[in-house]
Amino acid sequence: MPLAAQILPPPIEQLINFITSDAFVKAVIFPGAIFVSVFGLFTVWYERKLLARVMLRIGPLHVGKYAGLMQVVADTVKFLSKEYIIPETARKRLFILMPMLGVVVNALLFAFLPFGPMWLIFPSDISILLFFIFVAISPIPLILAGWASGNKYSLIGIIRFAFQIFAYEIPLFLALTGVIVMARSFDIVKIVEAQASMPFIIPQIIGFLAFFITLVSEVERIPFDMPTAEQELVEGWMVEFSSYGFLMLQLATYLKLDALVVLTTLLYLGGWYGPAIPGIPDFILAPFWVLLKSLVILTAVLLLRGTYPRITIKKILDLGWRVLIPMTLLNLLIVSIIMTIPQFF
Amino acid sequence: MASHDALIIYLVLVVILPILFWGMNKLLGPRRPQRKKSIAFECGQEPMRWRPSPFPFEYFPYAIIYVAYAVLAIVAFLTSVTLIDRPDAALRVILILAIISASSIYLALNLRDLGQRL
């Protein structure tokens, strides 16, 4: 019997066992709640710093010891200490509940994303389908939040949002199909393992491009940010949300961005496969490569905001069904041809 | 079983976190209601009454296209997933996918300015 067990009373010992258990560490620390919130906050800081560099500014500087890292935390505290104003025309319960639900649904996306062969909250044989289900329902709390504000700008924003999101879900689904067929599995871990010799971006470059554009549109970043167009729609569907509500909605959209960026890494860039670094064990190296590759994709998404103007809703819809859907169907055709060729030789 | 445990703990945390933020907002935030604050935002103007406005008919074709492509996407999905289990059906799968993609490309090239067609 270990020494600690003799000294500690059984309830405390059970508590320690629970805290050090695999399930608790995965759910709370990595890749669970703490990691997800830190990743979300880091994305906000990274975006502000990167855009500042693009515009030859310095960006956040004073709060925190290094490069204004604590600015985001300070902003969070500021949002929480403001008054939560509920407009007269709003549906009050939905107005309070929907921002919460948005965070819950978008944070649940991370439950299906592996950061290494063992760093996964919920292993499942159909994890990619579960992920897609949550991506598909994630706009619904946000749409309801916009509708519940009872504002004209929100309503215009939410109609645009619904058109845009639902138009881009089909290319997303078809691009995922290409990956599933090539990996012969619905499990994201097995999809990554199928890329051990060659990442899927090489045979499926068309699918990757379509997936990337869809990703930017799904998280309504510039150039696809018609629903929240700051200059004409005054933040669109988010216009009535202040303090806590605004914070939650922003957190929800950033979490979705992060989850989709990590998914791109896992599906197309070979996930945790990368050159081995001597002296670093595999269970640290795997998340390192996933996060490094995700950071590259994240930088690309954020740089679009620094370079492109907003495009009109008609062009967004046209691009969706006229360019992206044929692109993804073509990708699917190429994938099935590649899969069939070995049979004939 | 351990996998379910992790998911349940994560779900509980993810639900608690926004409620915690809401509680913190209740504690930290001031509560000074005013009529000016609670009227709907309309760029500083007095809010105008709602008028019943028609559905933006311009975008109606996109709704139809969405329905058509949603069905096609499921057909394409089911067809190509067949490849995993039945490699012998490959030629038929490729034929179906080729027809679908060729027709979608043909449509994309020919149906320009969709918004004004109706």
Side-chain angles (χ1 to χ4, degrees), chain A residues 22-24 26-28 32-33 37 80-89 96 99-100 103-104 107-108 111 121-123 150-153 159 163 166-167 170 173-174 177 180-181 184 234 239-240 243-244 247-248 314 317-318 321-323 325-326 329-330 332-333 335-337 339-340 343, chain B residues 2-11 13-15 17-19 21-22 24-26 28-33 37-43 47-48 50 56 58-59 62 65-66 69-70 72-73 76-77 80-81 83-84 87 90-91 93-94 97-98 100-101 104-105 107-108 111-112 114-115:
Chain A
D22 205 31
F24 187 83
K26 277 179 188 168
V28 178
S37 9
L80 288 180
S81 57
K82 295 259 181 185
E83 185 178 348
Y84 189 40
I85 301 165
I86 302 176
E88 291 170 342
T89 44
I96 295 171
M100 283 186 195
V103 171
V104 173
L108 273 178
I121 295 175
F122 184 60
N151 184 299
K152 284 169 201 159
Y153 292 102
I159 288 174
F163 264 115
F166 291 125
I170 296 171
F173 182 63
L174 286 174
T177 311
I180 292 169
V181 171
R184 293 172 186 277
V234 284
V239 59
E240 288 294 356
S243 77
Y244 145 83
L247 179 71
M248 288 292 109
K314 190 167 171 291
L317 293 176
D318 260 9
W321 88 265
R322 184 113 61 80
V323 179
I325 292 181
L329 282 171
L330 207 61
L332 209 55
L333 182 66
V335 167
S336 48
I337 291 172
M339 296 289 292
T340 322
Q343 287 178 32
Chain B
S3 59
H4 287 94
D5 287 353
L7 184 68
I8 291 166
I9 298 171
Y10 183 64
L11 183 64
L13 278 175
V14 156
V15 172
L17 192 82
I19 297 174
F21 273 144
W22 186 59
M24 275 165 74
N25 180 232
K26 279 260 172 195
L28 294 173
R31 189 93 189 99
R32 286 187 283 273
K37 283 183 189 170
S38 62
I39 51 179
F41 177 81
E42 273 179 36
C43 300
M48 284 178 270
W50 286 81
E58 218 189 320
Y59 297 125
Y62 293 106
I65 281 177
Y66 173 76
Y69 267 123
L72 264 189
F77 173 73
S80 37
V81 166
L83 267 183
I84 299 174
L91 281 179
V93 169
I94 290 175
L97 286 176
I100 296 177
S101 19
S104 76
I105 291 169
L107 276 179
L111 279 179
R112 287 169 196 279
L114 201 69

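Lettering of chains follows the sequences in order, A, B, ..., and the numbering in each one begins at 1. This one's a predicted model, so the numbers in the text were calculated from it and none came from an experiment.
Using a 4.5 Å cut-off between heavy atoms, A/I170 touches chain B through its side chain atoms alone. Only the side chain of A/L174 comes within contact range of chain B, with heavy atoms under 4.5 Å apart. With a 4.5 angstrom heavy-atom cutoff, A/M248 touches chain B only via side-chain atoms. Contacts of B/I100 with chain A are made by both backbone and side-chain atoms, with heavy-atom separations under 4.5 Å. Heavy atoms closer than 4.5 Å to chain A are found in both the backbone and the side chain of B/I19. In this structure, chain B has a heavy atom under 4.5 Å from the side chain of A/E240, while its backbone stays farther away. The contact between A/F173 and chain B is made entirely by side chain atoms (from C-beta outward), counting heavy-atom distances below 4.5 Å. Only the side chain of A/S243 has a heavy atom closer than 4.5 Å to any heavy atom of chain B.
Interface summary for chain A: among B/P30, B/A76, B/S104, the most heavy-atom pairs under 4.5 angstrom belong to B/P30. For chain B, the option among A/E88, A/M339, A/K26 with the highest count of heavy-atom pairs below 4.5 Å is A/E88. Contact count versus chain B (heavy atoms, under 4.5 Å) is highest, among A/V28, A/V103, A/I86, for A/V28. The candidate with the highest count of non-hydrogen atom pairs below 4.5 Å against chain B, out of A/V323, A/L247, A/L332, is A/L332. Looking only at heavy-atom pairs under 4.5 Å with chain A, the residue among B/A73, B/A70, B/P33 that has the most is B/A73. When each of A/I96, A/L330, A/L108, A/L317 is checked for heavy-atom pairs under 4.5 Å with chain B, A/L317 comes out on top.
Residue B/A108 comes nearest to A/P326 through the heavy atom pair CB-CG, 4.2 Å, listed as atom of the first residue, atom of the second, then distance.
Interatomic distance, A/I337 CD1 to B/L83 CG, rounded to the nearest 0.5 Å: 10.5 Å.
The main-chain N or O of A/K82 is found under 3.5 Å from a side-chain atom of B/N25 such that the two form a donor-acceptor pair. Judged purely by atom type and a 3.5 angstrom limit, B/Y10 uses its side chain to pair as donor or acceptor with the backbone of A/A107.
Residues B/W22 and A/P99 form no side-chain contact, since every pair of their non-hydrogen atoms from C-beta on lies 4.5 Å or further apart. Counting heavy atoms from C-beta on, the side chains of A/L329 and A/L333 never come closer than 4.5 Å. Counting heavy atoms from C-beta outward, A/V104 and B/P18 have side chains that approach closer than 4.5 Å. Two residues are said to be in side-chain contact when any heavy atoms from C-beta on lie closer than 4.5 Å; B/I84 and A/I180 meet this criterion.
Using a 30° and 60° split on the angle between ring planes, A/W321 and B/Y69 fall in the tilted class, from 30° to 60°.
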